[in-house]
Amino acid sequence: MSVFLGWLSALAMAVVSTHVLLKVCFPYFWRDLLFLIKVIRCGARLELSKLTSNVHTVLEKFVLQAQRVPDKPFVIFEGIVHTYRDIEQRSNRLAHVFLESVNLRKGDCVALLMSNEPDFLCVWFGLAKVGCSVAFLNTNIKSKSLLHCFNCCGAKTLIVGSELVECLDGILTSLLEDNIQVWAMESHSEHTQVHSLLDKVAAASEQPVPAVLHATTSLKSPTLYIFTSGTTGLPKAAVITHLQSLKAAAGFWAFGMTEDDVVYIPLPLYHSAASLIGIGGTIELGATCVLKKKFSASQFWNDCRKHNVTAFQYIGELCRYLCNQPKREVDKVHKVRMGVGNGLRQDVWREFQSRFGNVKMCEVYGSTEGNLCFMNHIGKIGTVGRSNFLYRLLFKYDLVKYDMEKDEPVKDQYGFCQRVGRGETGLLLSKVSATSPFFGYAGSKQLTEKKLMRNVFMKGDAYFNTGDLMAEDQEGFICFKDRVGDTFRWKGENVATTELTEALGLVDFMQEVNVYGVEIPGLEGRAGMAAVIIRPGLMFDGKKLFEHVVTDLPAYAHPRFIRIQGMMEMTSTFKQQKFQLVQSGFNPSTISDPLYVLDYQQKNYIPLTDTVYHSILAGEYKL
Ligand SMILES: *[C@@H]1O[C@H](CO)[C@@H](O)[C@H](O)[C@H]1NC(C)=O
């Protein structure tokens, strides 16, 4: 007996001391382990479905949930509750219409131009039910880019939301010339060449279409095309396979959300965050989401209180807008326990938590098309993700030395890249392999190849170049530092410098244009700035430029600052000059070139004076 007791107490001692040791030396051990088990479980499930060719897509998950919890609210939109059954039945009706009236066939690609509303989901699922892939179009997009999007993914049909039919005015003729059929979510259409859908939906059956239409045996078949900003000017269509959509849909679950959660989705559905992680994640859990047409800082907390929201999706600027709202006594009265998103700055993060209470912020790092993702499941402020030796076994990524001035990775004498040390900043590369495939961009091998780096550490290897500079600290936390190359982020969107350069180059008085992003203290991302040379004999015309910019470019891509140069400074490379321009920023007291700033009120580019400069820094100037 006493021997037994002795054993028991020794065992207890061992357990306690291991626990203490772990807590002191590896404070994140248990949380890391639990998280990794989830990642591995999810991965194993995917591997298994690969072996058995028994692929359960996100759509099939939705159909199952609609059978399991038909009466549960799935989407709440503008106060109206749509249950799982509602969305299931309406997407069935649409599927019948797609087969019978629109004449779509399995394998077709269909473009969808719609703002956030439940019908976005019904059309998406309806198309998926008849085996079509869907290309989500950015609703900010302007005519020229829009036409290009059809070419990328080979879509011959466009479905447009009733509110966006007007956007077609300028391009309908071009679409019809290209043999693209246009269908609107209207009961009857004003345009003779635009077909109406809703009248047909009303008459269609709500029974499911044959499941064989959407059955798939391969995780690697494309299901969606999501447009991301391209470095060659026009948007690129990232190919989203079932594999990626299933991985993204597991995100909420991995962060510990359950079917009792109510998720607030204020981000646009045409981006992967809201569609793949948000809607996919809600379906995976069988939870409820509150969908917003547009984010509104003044409505946010009232909405959360009204619908008992427990989690929300964000981008960094959204949290800042919330912090900028006038303080209220009820600021901490809500049930929100976590946020999932990216781009949250440390200062905003701290302020957000001290103001609105203990909301765990889970940063997710990963691009739509990328093959790597980091998740900050610990919630440590200022970090986008967490790694450890096990994670490194699962995901082969590396940080390599980068020369900011030359804008290229540093190579050793054999032409290979060099890894950075712990804590040092480097370019994040992710190895392309069978377990981390890169599916590239639709319709362009060239663009796909451009995103890859070959012969990085040895002859024949291939890495996905994220274009992001990151650092990993001693504890394995990963921080985002900067973005390199030809894109920068502004208001949650990627802006391609070349797209802007091209657009500005079309203005008659522009001789040379060089676009880059400048940091504004206190704001996320970078604001677009163009250094330009004016054609001899012509004058800079702010009003004309403004007109051109607002008609040709989406709002987030409007260049905020213009710098007029006498001549482009001669440096050894074009890239080096950009580096110096970025460094010198937009301060009129240190730059002798004339500077202009975008003014939406006056519909003009006005001289950037010291007064304006200081009101920008104080956050009083609307950019
Ligand atoms: C929110 O929760 C409260 C208390 O738990 C409950 O009384 C209320 O009905 C809930 N509201 C909604 C919209 O579910």
Side-chain angles (χ1 to χ4, degrees), residues 58 61-91 115-122 124-125 249-269 273-315 318-319 321-323 325-341 352-362 379:
V58 173
K61 204 58 185 259
F62 171 75
V63 174
L64 285 179
Q65 298 287 26
Q67 286 163 6
R68 191 178 69 86
V69 285
D71 295 310
K72 174 151 185 175
F74 172 44
V75 189
I76 300 173
F77 181 75
E78 295 181 346
I80 297 174
V81 175
H82 304 261
T83 63
Y84 275 86
R85 182 194 284 119
D86 293 338
I87 301 290
E88 161 72 0
Q89 290 181 343
R90 191 164 167 85
S91 60
S115 26
N116 279 15
E117 55 178 299
D119 266 349
F120 186 108
L121 308 180
C122 297
W124 168 14
F125 300 163
F252 283 173
W253 167 76
F255 277 133
M257 283 162 59
T258 71
E259 66 176 329
D260 297 325
D261 276 300
V262 179
V263 194
Y264 195 81
I265 307 181
L267 308 179
L269 286 170
S275 52
L276 300 185
I277 300 180
I279 297 297
T282 305
I283 292 171
E284 175 71 30
L285 298 166
T288 299
C289 67
V290 177
L291 182 68
K292 287 294 282 185
K293 174 147 284 177
K294 256 201 156 126
F295 169 72
S296 152
S298 60
Q299 292 168 9
F300 183 87
W301 291 111
N302 287 338
D303 284 346
C304 289
R305 280 185 278 268
K306 184 167 157 205
H307 299 292
N308 290 338
V309 168
T310 56
F312 71 105
Q313 283 193 291
Y314 66 83
I315 51 171
L318 196 146
C319 297
Y321 299 149
L322 291 174
C323 290
Q325 287 288 303
K327 285 204 166 66
R328 293 177 58 190
E329 256 174 38
V330 289
D331 274 347
K332 286 201 173 79
V333 184
H334 58 76
K335 294 186 176 141
V336 178
R337 63 186 180 96
M338 66 198 288
V340 177
F352 189 88
Q353 290 185 329
S354 78
R355 167 105 178 255
F356 301 110
N358 191 18
V359 179
K360 181 174 167 188
M361 303 305 271
C362 303

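The first residue in the sequence is number 1, and the count goes up from there. The basis for the numbers below is simple: all heavy atoms, side chains too, and nothing from hydrogens, waters or symmetry mates. Whatever order the structure lists them in is the order used to number ligands and atoms, beginning at 1.
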Quick one: look up the protein heavy atom nearest atom 1 (C) of ligand 1 and list residue, atom name and how far away it is. Asn308 ND2, 1.5 Å
Do the rings of Phe62 and Phe74 sit parallel, tilted or perpendicular, given the 30° and 60° boundaries? tilted
Pair Glu259 + Arg68: basic N to acidic O under 4.0 Å: yes
Exercise: do Lys72 and Gln65 side chains pair donor with acceptor under 3.5 Å: no
What atoms of ligand 1 come closer than 4.0 angstrom to any heavy atom of Lys306? 13 (C)
Could you tell me whether atom 7 (O) of ligand 1 has a protein heavy atom closer than 4.0 Å? no
Ligand 1 atoms in contact with Lys335 (distance to a heavy atom under 4.0 Å): 1 (C), 2 (O), 3 (C), 4 (C), 5 (O)
Between Leu291 and Asn116 the two heavy atoms that sit nearest each other are CD1-ND2, 3.8 Å
